[in-house]
Amino acid sequence: MEKEYNHREIETKWQKFWKENKFYETKDQDGNKPNFYALVEFPYPSGNLHIGHWYAFAVPDIFVRAKRMGGYNVMFPIGFDAFGLPAENAAIKNKVDPRKWTYENIAYMEKQLQSMGNSFDWSRKVITSDPEYYKWTQWLFLKLYEKGLAYKKKAIVNWCPSCNTVLANEQVVAGKCERCDREVIQKDLEQWFFKITDYAERLLSDMENLNWPEEIKTAQKNWIGKSDGTELEFEVASSQHLVFSEKIKVFTTRADTLFGVTYLVLAPEHPIIEKLKSKIENLNEVEKYIKETKAKTEIERTDAKKKKTGIKLEGIVAINPVISGTGREVPIFVADYVLGNYGTGAVMAVPAHDERDFEFAKKYNLEIREVISGGNISVESYTGEGVLINSREFDGINSEEAREKITEKFGEKVTKYKLRDWLLSRQRYWGCPIPIVYDSKGKPHPIPEENLPWLLPEDIKDFAPKGESPLGSSKELKKRVEKIFGSSSDRWKPEVDTMDTFVDSSWYFNRYTDSKNEKEFANKEKLKLWMPVSRYSGGAEHTNMHLLYSRFFHKALFDLGLVNESEPFIKRMNRGLILGPDGQKMSKSKGNVIDPDEMVKKVGSDTVKMYLAFIGPYNETGQYPWDFGGIVGIRRFLERVWKIVQKIEEQDTKYEIREEKSDIKTSNSKLIGLLHKTIKKVTEDIENYKFNTAISAMMIFLNELEHIPNVSKTVFDTFLKLLAPFAPHITEEIWTNLRHKTSIHLEKWPEYDESKIKEENTVIAIQINGKVRGQLEIKTEASEETVKERALKSTEIQKWLGNNKPKKVIFVPNRIINFVI
RNA sequence: GCCGCGGUGGCGGAAUGGUAGACGCGCACGACUCAAAAUCGUGUCUCGCAAGGGGUGAGAGUUCAAGUCUCUCCCGCGGCACCA
């Protein structure tokens with residue numbers, strides 16, 4: 001074996017070997033091995049692999065390799081989430097075809113990914129911008145459309161007046177356009193939506209069965225934002241007490257405060273304003289207020305810190321259904337702090353028991369009527385619960401009971417969610433075309449299935465957004481529509497928007513199970529073999545978007561009978577973030593970017609991968625700064641492993657004849673014990689994604705191994721197998737050098753023997769009143785009596801005890817004996 | 001404001017309620033060397049010559065025993081944010 005650890009040579013060699021021998025192409029079934037589906041979020045082909053990709057892919061590969069050695073038939077697929085804005089921006093900036101830009105990036109990144117030495121199954125690769133893929137995105141869209149889960153409606157969207165385009169919520173930063181810093185405005189547009197709100201309850205309740213970190217579950221819970229409450233109707237009357245037929249429905253979670261209502265507030269977009277137009281005496285001012293509200297961005301409008309504004313509707317009043325006589329008629333306001341898209345768009349205001357209403361009432365000098373005791377409403381609102389007062393027959397009962405009784409008598413029990421429908425239309429070129437055409441009346445019709453994939457037209461020169469999707473300028477698309485639906489002038493119009501890329505990524509994990517199927521998005525039997533995903537690793541930023549969208553999509557497919565289960569991901573792990581050496585987020589402008597290619601060249605892929613695994617616990621979403629010093633520690637470790645092999649090889653030639661027998665003799669039992677302890681620790685830590693402590697256990701073992709004169713080959717072989725998932729190249733090289741005929745990665749994962757972990761002697765701490773006063777080395781599993789006897793003999797302990805007799809003795813086997821005096 | 005996560009050496013981080021600081025980095029000293037690097041060895045929370053004392057954001061509590069459990073507070077990070 002070579003004296004020097006030449007990582008470049010070794011890594012290239014084995015990567016080639018694994019590839020040529022199709023090592024990681026997974027069969028759908030392999031003997032009686034159980035299938036295991038390990039998934040990582042597929043990357044966007046930005047053009048360059050950064051350290052974050054390494055952290056996202058190389059570290060879970062440790063788990064995957066260990067699982068494979070552990071006897072599972074593991075599928076670990078990879079692909080590209082290839083549609084999206086950056087390609088289009090590059091196209092506009094550099095006048096290149098987004099298609100060309102994307103596919104060149106993919107080719108380059110694939111090469112970079114190869115250098116990682118991951119055990120990816122490339123044969124199942126999916127690229128979301130391939131027509132073979134997006135054909136099925138479109139097909140699934142149409143299935144959802146048929147079921148009424150995809151629909152079109154007018155909606156208010158974020159619009160950047162200088163970029164001339166719709167922005168996704170995440171592209172709006174503090175009310176400004178992410179790219180040009182221009183103030184974002186609101187615009188009314190016809191848009192496609194998925195009816196995710198229909199699934200709110202199931203998305204919420206099905207979380208119980210998911211083995212996901214609690215933090216993700218609570219984040220999704222908050223996002224869905226369920227609240228149980230009551231809907232109540234208020235009649236509307238003129239100031240002359242003439243009751244109109246229109247009523248105002250309000251939603252409240254505090255029906256117990258109904259007697260404290262002193263006014264109603266409508267959202268500016270509430271339809272009743274239009275209906276009662278002729279009755280409103282100050283209509284001009286009201287319309288002016290509404291217009292002003294619309295000019296505001298949603299961010300501005302929903303800023304809770306902003307002072308509340310509103311305007312009273314003169315000439316009309318609302319009637320509190322529970323009050324007769326004074327206080328029965330209450331004024332109605334329009335105010336932008338009430339949202340049109342939540343609840344009923346109208347609220348009953350109870351200033352005594354709601355902070356916002358209190359603030360508003362103070363400003364406009366409105367009545368504050370206390371109905372729940374317990375607070376001091378002359379100072380501030382009291383939002384807690386309590387006993388009802390000023391509420392007639394409900395006086396004296398508590399809030400909870402009152403809510404039920406009042407709801408039963410005057411209203412209706414309802415549940416509301418904060419979750420909004422998923423807006424999927426994008427006025428963009430580089431996305432999956434929405435397979436819809438419109439007839440002369442503007443009614444949408446699906447593209448017939450035989451015409452899928454509904455191709456993204458290629459005759460577009462200008463990708464710059466002009467307010468309408470670039471697809472609108474395609475002659476080819478128009479012709480295609482005419483060909484299918486008839487050429488009688490321009491009666492039929494194609495949909496020109498494309499889909500949000502989150503649609504592409506909401507079902508890709510299904511496609512991996514059957515990525516080449518031309519007849520189905522995935523065969524149901526194949527799906528059954530792999531789905532649901534056994535373990536999904538990814539970034540915390542996807543908690544409320546990708547993960548929620550995917551869950552919704554999968555449930556919809558389940559209801560359509562297309563998949564076999566209603567949840568796609570059994571277990572989810574969120575990883576942390578790698579920061580620059582300065583502890584800041586890596587960014588070109590800060591100049592703190594670590595280039596993985598460069599690092600790999602310098603120290604090798606095994607070292608980079610292992611360092612990332614060592615940097616901190618992978619099962620927590622911490623932030624870990626890159627440390628050049630830290631990585632040399634790992635490199636040193638691998639070099640020491642390399643070196644110790646030379647020692648074994650020397651011995652091996654010396655003891656060639658009794659090669660396999662020499663092991664037990666030359667290894668002392670202490671080392672064997674440590675080996676089994678190490679197997680246990682590494683096995684368990686890998687399962688829990690605590691790779692950092694697994695590595696430290698292997699370091700401890702190596703430290704010990706280096707101090708043993710004769711290193712047994714089988715002991716070392718076992719150690720090497722533990723290391724194999726962490727450092728696949730170097731271990732493969734050493735393994736063959738040790739004259740093994742087959743790959744180390746096809747070896748069986750070592751098993752530990754609990755009985756061998758126990759050492760002969762254990763050091764027990766002797767405490768007096770909980771303070772350590774001495775130590776005692778004694779036979780493992782020694783009884784309390786023995787330990788006590790030996791401990792009390794110690795002069796040190798005698799000194800501390802003096803004439804005191806222990807009142808109490810606490811004994812924890814193999815750990816501690818504590819004398820309480 | 002609400003929700004979630006966290007706060008341990010010079011640094012990244014270890015610790016089923018049971019000897020805090022494993023492992024790695026850094027640093028110091030030593031060996032090897034003409035010398036340096038690399039490598040190897042020893043040491044490295046803190047005060048103290050020592051015996052011993054103190055120490056896991058602050059304060060209280062439970063316990064024979066608290067980094068770990070409970071309460072109050074402070075700080076940092078992430079998410080949501082007028083959701084009635």
Side-chain angles (χ1 to χ4, degrees), chain A residues 213-223 225-227 229-230 250-254 257 265 267 299 301-306 308 335-339 341-350 353-357 359-360 383 416-420 540-541 543-544 574 576-577 579 581 583 611 614-617 620-634 636-637 639-640 643 690 692-703 706 763-776 799 806-821:
Chain A
E214 275 313 307
E215 60 204 88
I216 306 183
K217 287 196 195 177
T218 41
Q220 291 207 352
K221 254 176 226 162
N222 292 342
W223 187 265
K226 178 178 179 170
S227 49
T230 308
V250 300
F251 173 71
T252 180
T253 54
R254 293 297 302 270
T257 63
V265 191
I299 290 100
R301 207 185 127 179
T302 56
D303 181 3
K305 286 179 208 104
K306 163 194 93 145
K308 292 187 177 24
D336 66 359
Y337 79 88
V338 173
L339 307 172
N341 52 15
Y342 181 78
T344 59
V347 300
M348 56 178 227
V350 187
H353 305 292
D354 182 282
E355 270 177 59
R356 295 153 302 184
D357 298 343
E359 187 195 329
F360 194 81
T383 57
K416 299 280 180 193
Y417 303 89
K418 286 190 211 173
L419 187 70
R420 297 182 198 175
E541 69 274 19
T543 298
N544 286 335
N574 272 5
L577 201 67
L579 304 174
Y611 170 63
F614 189 59
I615 204 165
E620 286 170 27
T621 55
Q623 306 198 345
Y624 311 105
W626 182 273
D627 175 21
F628 291 102
I631 199 165
V632 311
I634 295 291
R636 270 180 210 157
F637 170 76
E639 273 171 9
R640 279 160 58 203
K643 230 187 232 165
K690 287 160 94 175
N692 55 334
T693 44
I695 292 170
S696 98
M698 289 189 287
M699 284 171 167
I700 292 169
F701 184 78
L702 183 69
N703 289 347
E706 282 174 331
V763 179
I764 288 178
I766 309 167
Q767 295 184 336
I768 290 166
N769 288 340
K771 277 198 188 287
V772 180
R773 294 305 183 192
Q775 287 187 335
L776 179 67
K799 196 180 80 194
K807 273 189 259 168
K808 200 172 164 188
V809 180
I810 287 127
F811 176 68
V812 183
N814 299 324
R815 289 219 178 249
I816 242 166
I817 185 153
N818 186 12
F819 298 102
V820 184
I821 56 174

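Remember, it's a predicted structure, so these values are computed and weren't measured experimentally. Numbers restart at 1 for each chain; the letters A, B, ... are given by sequence-line order, proteins then strands.
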For A/Arg636 and B/U39, is the shortest distance between a side-chain N/O and OP1 or OP2 below 4.0 Å? yes

A/Phe811 CZ - B/G17 P separation (whole Å): 20 Å

Nucleotide B/C25, atom C1' - distance to CD1 of A/Ile615 in whole Å: 11 Å

side-chain N/O A/Arg815 vs B/C64 OP1/OP2, d < 4.0 Å: no

Nucleotide nearest A/Asn692 (side chain, heavy atoms from C-beta), chosen from B/A14, B/U19, B/C23: B/A14

Whole angstrom value for the distance that separates P of B/U19 from CG of A/Asn814: 13 Å

Rounded to whole angstroms, how far apart are CD on A/Gln220 and P on B/C5? 16 Å

Ignoring hydrogens and angles, answer whether the base of B/C82 and the side-chain atoms of A/Lys308 contain a donor-acceptor pair closer than 3.5 Å. yes

Atom pair distance, as rounded to whole Å: CD1 in A/Ile766 and C1' in B/A65: 16 Å

If the cut-off is 4.0 Å, is A/Tyr342 near the phosphate of B/A84, judged by side-chain N/O to OP1 or OP2? yes

According to a strict under-4.0 Å criterion, is A/Lys690 in side-chain N/O contact with OP1 or OP2 of B/A15? yes

Does A/Lys308 make a cation-pi contact with A/Tyr337, if we ask for NZ or CZ under 6.0 Å from the ring centre and within 45° of the axis? yes

